[in-house]
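One structure below.
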Amino acid sequence: MTEPAHILVVEDDPDIRRIFQAVLSRDGFRVSIVNSGEEALSFLQLITPDLILLDLALPGIGGDEVTKRIKSDHSKPFIPVIIVSAHADLDTSVSNLDAGADDVLVKPVDFNLLLARVRALLRLQRAQRSLQQEQRKTELLLHLSRDLGSSIDLDVLLTGFLNHLADAVGAVRASIILTGFVEDKILLYSSSRHPAVAELQDIVRHGVAGLALRERGPILIADTRLDQRWLVTSPVHNDVRSVVAMPIIRDNRVWGVITLVHHTPGYFTAEHLELLASVAAQSAVALESARLYRLSEQQKELLARRAEELRQINEINRLLSELMQIDQLGRLLVQMLHHQFGYPLVALVLRQAEQLVVQSAAGTQQFETGKMVIGAERGISGWVCRNREPLRIDDVTQDARFIPFLPDEARMRSALSVPVLLPREGVVGTIELRSPQLAAFSPNDEAIVSAIANQLAIAIYNARLFANEQRRIAQLSEINRLSLALTAQFTAPDNLQRTVEAVSQIFQVDQAAMVLFGIQPSETVVVMSGPASLHDNDLINFVSNHSLLATYVAKLEQPQQYTDLDAHDIGAPLRAFFAARGIRSIVIVPLVVTGQAQGILVLDITRRGALEKTELEMASTVASLIVQILENARLYRVVNDERSTLDAVLRSATDPILLIDTDARLLLANPAAHERLQIDPVVHRDQPVDQFPALRAVLPFLNRDSPTTVEIEPKPNVNFSVSIAPVRGVDNKEIGRVVVFRDISAIKQLERQERERVRSVFRRYVSPQVAERLLSAGSDFGAPTERTVAVLFADMRGFTTLTEQIGARVLVERILNRYFTAMTEALYAYDGTIDKFLGDGLIGVFGSPIAHPDDPQRVIRAAVTMQRAFARLAKQWQEELNLRIGMGIGISYGTAVVGNVGSAQRQDYTLIGDVVNTASRLCGIAQAGQIIVSSQLASVLGEQSPYPLRLLGVTRLKGKQEEHMIYEVVLDQMVRTSLAR
């Protein structure tokens, strides 16, 4: 199971730390937290994380300084750094990137974007570290190659080699057992001071080394205590826990076995096996060189010549091991074979696809690189490539396999061709020797050239590793430059052409294209690099209108390689386009946005060949980078649009608008605030709001969590309705308050006028005290509602006859007005309401619009007060006008609908219900000076009546089918006599 990536979060804000930890942990990352730059640097002394998420504004050492120190420490592997800044300006982003940051995020952080950036940089980190591992492996192979090529004395060569090998991989001991070097003899060489010489035969027969020799394959034991293949022949072997063994095989011949041991279980991995395979291949070359040296020792007569040959071979090997470019290797090889060994014509032929191409030649003046080509199956070189073995011909004119294709080869008589074999690729080429003499080449020449060919194969392998490493380093550098260039310019869509060209350069392809599918076909974008063709517009039309293509792309998750487009049904338009541009092989990389591919990046790999696994990962990283930059550009445009909209709204708003931070300091003010409140957005920015008189009244409301509206009056007759609402970021963290001042001075003036008007209306119905209570309570006066009320009807007796006796002016001024005034005062004294005047009577209501618990008692007191007041008026009218006038009162109690009744043009505040009719009927039967109440009111009053009630009996009221029990309020004798007079 792959260990989760380790991310170090450096943040002094505990809330942000918890959020980052929760988001990253939920996505499967292992998270460590520190609070400051000092703690981060101390942490890095002990532990190397995979990625660092770093706050810019840290106490003490800031985020930019921490980044510089991390990036300047070359003892550490590559650690991506993402700086999180509260500043969204471009200068801050550029300065952070200059400090060494690999990416910059702006608070508040979009967590989907954060996770995407983290995953992209972790892919980059893995690629970088993989390259570093490959570089270390290459360096180790070069060192070991130099060790193996530094001597031909077997004892000196293998002792130094094994010591270096053990140190390089951290093994406790490295050893080589040779079984095929000397006939009937087993040789042991070890980096240990106590090699197991006595047990050598048992080890070869029954041990891991012997097993690797017999099976001709590698052996890896993770824990010797769990694997019976490990043979313990001495106490030293008990300490061994992990073992790896690799046979040394060359040309199907087993030379021996290399064994590494360690005291830690599981120490050796598949990577060690791969490294040991390369070491074993080089060891075979070295052993063959050593064997040649021993042969020269046995043949005294050839000692001087063979020693010189070996010296020259070693010189060639040394020089070959130092060169890292294949063209340099070829030129050096042919020149040294030609000059040091005196071979007349030497050429290096390399295989390219289905052809053999002369890469370099010596001994002729008629050579031009890449111009001499022959089919891979033809000639001597073709035979050697097929059979993977050397071919020596004493007379080429007598051999049908000979086909001249080298310069001056037509005059040559003898030939020697030796294959150059790579362990995994097979034959990559041949070394060709030619001579005008017959039988010019001996088995010794074949052995010499074969040894050199073996070393050349290793040099070519190392050169390819080096070239791949250099290419990847260049690709990473180009990716980094592309990232910086696009990050610094948020108008990425304007630079798509430049982006595609940069991608072509990164992957060393002739052509590249980018397709971004829009919601509508007309919105699809196609950008291409490379020379234009006549079918480019046809391609754009095809891509824009082919709905199935967008559907296919949406399903892509990983890069796809198509190495033979002719074998696929791609349709006529695409086929014509690819033919016009000479494209036969492509790589399609999905551009994934929010989990779905919405575009593709296409690379032409016709000439450069298929991408390796690491390059495909790099292509995905580049695609992710482009998507992120495009998304940043989109967000940047959205933010700009929103900012422009906000600025326009603020400028056009006639109401003052302020933004206040959590410390009660001014962040923003619009022009209306400057004009109406004398708050300048530039001069007063970041100043405490308590210094502004207009804002002091709202200070107590700034800390409320919910939106609040208050009214203030900073100056007489100047009123504002102030709306205060919290503002939160995307992380739901509060960033301040928005305060909007709405001038309601005119509304308040209208309200005051309306209040006066309503007050005057109320006073027509209720007492001034009740009217003020209604206004203060803000009741919805007039809305129809059902209430329990006491209704009082009062009516003068003999009024019709009275109107015939006196003039209308006297009737109104001296009788009615005085009558209604006195009755109104009596009702108002007990908070009763005048429903309406009825010519010579009136209707009073208790329980609406203001209800009291003692309304039944209040209506009785009011009725008695009205009779007493009327008694005084009646006495005056008798004395002044000689008129005898009386008044009867009827009171009922029950439910009525109370509210405005009428049309849209005119309405009256009144009440409707049977209780009104009952009161009217009771008033009709009341005699002058009498107060008659209904049984319902009598029942409610009970023993709580302020005046005694006398049962009058049962009567039938007009318009009523049922009989009613009625009562009379018992008045004192003086009042009753006065009223009845």
Side-chain angles (χ1 to χ4, degrees), residues 292 296 299 301-302 304-313 315-317 319-320 327 329-351 355-420 427-456:
L292 290 174
S296 67
Q299 300 176 8
E301 68 277 6
L302 298 177
R305 179 182 173 186
R306 295 296 180 263
E308 179 61 21
E309 289 173 349
L310 290 174
R311 186 193 67 77
Q312 293 172 350
I313 291 173
E315 178 66 15
I316 293 175
N317 291 345
L319 293 174
L320 290 178
D327 57 341
L329 289 171
R331 290 195 298 270
L332 172 66
L333 175 71
V334 298
Q335 291 298 330
M336 294 193 71
L337 286 175
H338 174 63
H339 292 290
Q340 294 190 22
F341 288 91
Y343 297 131
L345 176 61
V346 184
L348 175 63
V349 177
L350 295 181
R351 190 168 190 153
Q355 295 179 325
L356 294 173
V357 179
V358 180
Q359 195 270 339
S360 55
T364 179
Q365 302 296 325
Q366 306 175 14
F367 175 72
E368 187 175 353
T369 302
K371 294 298 183 180
M372 280 162 277
V373 180
I374 189 174
E377 301 295 323
R378 302 185 63 202
I380 294 175
S381 297
W383 187 93
V384 170
C385 289
R386 289 194 306 276
N387 292 275
R388 301 165 63 94
E389 63 181 51
L391 176 62
R392 190 174 71 252
I393 301 176
D394 293 335
D395 187 356
V396 296
T397 61
Q398 303 300 317
D399 197 311
R401 293 171 293 185
F402 177 72
I403 299 175
F405 78 100
L406 295 174
D408 298 329
E409 192 173 18
R411 61 185 182 86
M412 299 297 165
R413 296 298 301 275
S414 56
L416 174 60
S417 179
V418 177
V420 181
V427 179
V428 296
T430 61
I431 298 176
E432 301 293 334
L433 304 182
R434 302 289 187 267
S435 175
Q437 299 179 0
L438 292 172
F441 304 108
S442 65
N444 184 60
D445 294 313
E446 181 179 324
I448 291 172
V449 177
S450 295
I452 293 174
N454 292 335
Q455 187 61 35
L456 176 63

Would you please name every residue forming a side-chain contact (heavy atoms from CB on, under 4.5 Å) with [X], sequence neighbours left out?
X	result
T430	V349, S381, V384, C385, S417, E432
S414	S435, A440, F441
V396	I393, F402, A415

(request) Taking side chain to side chain donor-acceptor pair (under 3.5 Å) as the test, write out the residues that go with D395, two or more places apart. (result)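 Partners of D395 under the side chain to side chain donor-acceptor pair (under 3.5 Å) test: T397, R413.
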(message) Suppose we screen for side chain to side chain donor-acceptor pair (under 3.5 Å). Which residues come up paired with R388, at least two apart in sequence or across chains?
(response)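 None.
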(request) Could you pull out all residues at least two apart from D399 that satisfy salt bridge (Lys or Arg N to Asp or Glu O under 4.0 Å)? (result)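 Once residues adjacent in sequence are excluded, the partners of D399 under the salt bridge (Lys or Arg N to Asp or Glu O under 4.0 Å) criterion are R401.
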(request) Decide yes or no for R392 and S442: does some side-chain heavy atom of the first lie under 4.5 Å from some side-chain heavy atom of the second? (result) no
Atom pair [atom1] ([X]) and [atom2] ([Y]), whose distance is rounded to the nearest 0.5 Å:
X	Y	atom1	atom2	answer
I452	L337	CD1	CG	4.5 Å
D445	Y343	CG	OH	3.5 Å
I431	L348	CD1	CG	6.5 Å

(request) Take I380 and R434, measure what side chain to side chain contact (heavy atoms under 4.5 Å, CB included) needs, and give me the verdict at the end. (result) CA-CA 11 Å; I380 294 175; R434 302 289 187 267; 4.2 Å; yes
(message) Under the salt bridge (charged side-chain N to carboxylate O under 4.0 Å, His left out) definition, can you give me all pairs with a residue in residues 335-348, not counting sequence neighbours?
(response)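 Found none.
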